[in-house]
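Right, one structure below, let's go through it.
Just so you know, ligand 1 is whichever comes first in the structure, and atom 1 is the first atom listed for that ligand.
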Amino acid sequence: MPTRPVPRREFLEKCITGGFLVGAAAVSQTRLFAAYNEAVQKAAKPTPPEVLGPFFKKGAPNQTNLRVAGEPGLPLAISGRILDARGEPVHDAKVELWHADHRGIYDVHGFRYRSKLALGNATQYRVETIMPGHYPSRPVQHVHYLITAPGCKPLITQLYFATDPYFDGDPDRNFAKGGVVANRECVRPVMLLDENTAPRTAVTFDLVLEKA
Ligand SMILES: [Fe+2]
C-alpha cells in the first residue's frame with residue numbers, strides 16, 4: 001500500500017502530541033514547540049453548516065461582479081480565504097454563492113446574484129454584489145454558500161450581517177432570535193466605506209473546510 005510523504009510540521013506535531021519526542025539531534029525542543037505553537041495558532045474552527053434553502057439553482061456562471069447596472073442596492077464586497085482546519089490554504093475550491101436582491105426576491109429564472117467561482121490555484125475569493133434584502137419567510141439578510149474542494153467535505157453554509165436590523169444592534173444576544181440563524185460565527189461585521197461620498201460595504205467571511 002503506498003504511503004504519502006508526511007510534511008515536516010505534521011511530523012513534528014505528531015512527535016510532540018504522541019509523546020514520543022526523544023531529543024532529535026538536529027532540531028531543538030524549542031524549535032519543535034515553536035512549530036507546534038505555530039500550528040495551533042493557525043488552526044481554524046470549521047465554518048458551521050447552515051441550511052441550503054429552497055432557492056439553490058445549478059448552473060450559475062463563474063462571475064465575480066454580481067452587480068446589475070441600473071439595479072438599486074447598497075454595494076457590498078464579500079471576500080475571504082479558503083482554509084482547512086489546520087489553517088492551511090485550500091486549492092481548487094469551487095465557491096458557489098447566491099442571494100436575494102435588495103427587495104428580498106431571488107432570481108429563479110436567471111442567474112442574477114448567483115455565482116459559482118472556480119478558484120483554481122487561488123485560495124481566496126472575492127465578489128462585488130449588493131446587500132441582500134429581507135424576505136418575509138426568512139427575515140434576516142443572508143448569502144447562501146456551497147463550497148467543494150478536493151480532499152475536503154462539502155460545506156453548505158450562510159453569511160449573515162451584524163448590521164442587520166433584525167439583530168437589534170446586538171447580534172451576540174439576538175443572533176438566535178426566531179431560530180433563523182444557527183451559528184453566531186456566521187454573523188460577520190460589516191465595514192461601511194466612503195460614508196460621505198458613495199456608501200459601500202465590505203465583509204470578510206473565511207470558509208474553513210473539514211478534511212474528507
Ligand atoms: Fe435564502
Side-chain angles (χ1 to χ4, degrees), residues 45-68 71-82 93-119 125-149 152-192 200-210:
K45 183 181 173 188
T47 303
E50 296 257 335
V51 297
L52 181 70
F55 295 109
F56 173 69
K57 182 181 176 185
K58 286 185 178 176
N62 183 352
Q63 56 182 358
T64 57
N65 183 12
L66 279 59
R67 288 186 201 142
V68 181
E71 281 271 313
L74 181 62
L76 166 69
I78 310 173
S79 60
R81 301 170 296 171
I82 318 299
K94 290 188 170 61
V95 177
E96 193 151 8
L97 53 88
W98 64 102
H99 65 79
D101 68 11
H102 71 286
R103 298 167 296 175
I105 298 173
Y106 284 89
D107 181 5
V108 295
H109 302 294
F111 293 99
R112 197 171 277 197
Y113 306 119
R114 297 174 182 271
S115 181
K116 184 174 184 178
L117 304 167
L119 297 183
Y125 73 99
R126 179 183 177 90
V127 294
E128 301 287 341
T129 186
I130 61 162
M131 185 67 77
H134 302 80
Y135 57 91
S137 63
R138 205 150 181 278
V140 183
Q141 295 166 301
H142 59 279
V143 176
H144 293 272
Y145 282 78
L146 167 60
I147 308 104
T148 58
C152 297
K153 293 180 182 175
L155 171 66
I156 294 168
T157 191
Q158 295 182 46
L159 160 66
Y160 306 93
F161 304 93
T163 50
D164 193 327
Y166 186 81
F167 300 126
D168 296 323
D170 192 348
D172 286 335
R173 179 188 293 255
N174 298 324
F175 79 91
K177 187 173 86 178
V180 181
V181 178
N183 299 282
R184 173 64 180 89
E185 300 97 305
C186 295
V187 184
R188 300 292 299 150
V190 177
M191 287 181 287
L192 181 61
R200 56 195 172 90
T201 56
V203 169
T204 60
F205 188 43
D206 288 344
L207 302 164
V208 183
L209 307 179
E210 293 184 79

Item to check | Within 6.0 Å of CZ in R184, more than 12 heavy atoms from elsewhere | outcome: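 Enclosed: over 12 neighbouring heavy atoms sit under 6.0 Å from CZ of R184.
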Item to check | Residue and atom, protein N/O/S, under 2.8 Å of the Fe ion (ligand 1) | outcome: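 Listed by chain and number: Y106 OH, Y135 OH, H142 NE2, H144 NE2.
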Checklist entry - Is there a ring-ring contact (aromatic ring centres under 6.0 Å, His included) between F167 and Y160 once you walk through the steps? => result CA-CA 10 Å; F167 300 126; Y160 306 93; 7.1 Å; no
Checklist entry - Sequence neighbours excluded, which residues qualify as salt bridge (charged side-chain N to carboxylate O under 4.0 Å, His left out) partners of R188? => result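 With neighbours one apart ignored, the set is empty.
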Checklist entry - Are D164 and H142 close enough that a side-chain donor and a side-chain acceptor fall under 3.5 Å? => result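 Not at all, the side chains of D164 and H142 share no donor-acceptor pair under 3.5 Å.
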Next on the checklist: If the test is ring-ring contact (aromatic ring centres under 6.0 Å, His included), which one of W98, F55, F56 qualifies with H144?
Outcome noted: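 The single option meeting the ring-ring contact (aromatic ring centres under 6.0 Å, His included) with H144 is W98.
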Checklist entry - Taking the six-membered ring for Trp, are F205 and Y145 parallel (under 30°), tilted (30 to 60°) or perpendicular (over 60°)? => result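 Rings of F205 and Y145: perpendicular, over 60°.
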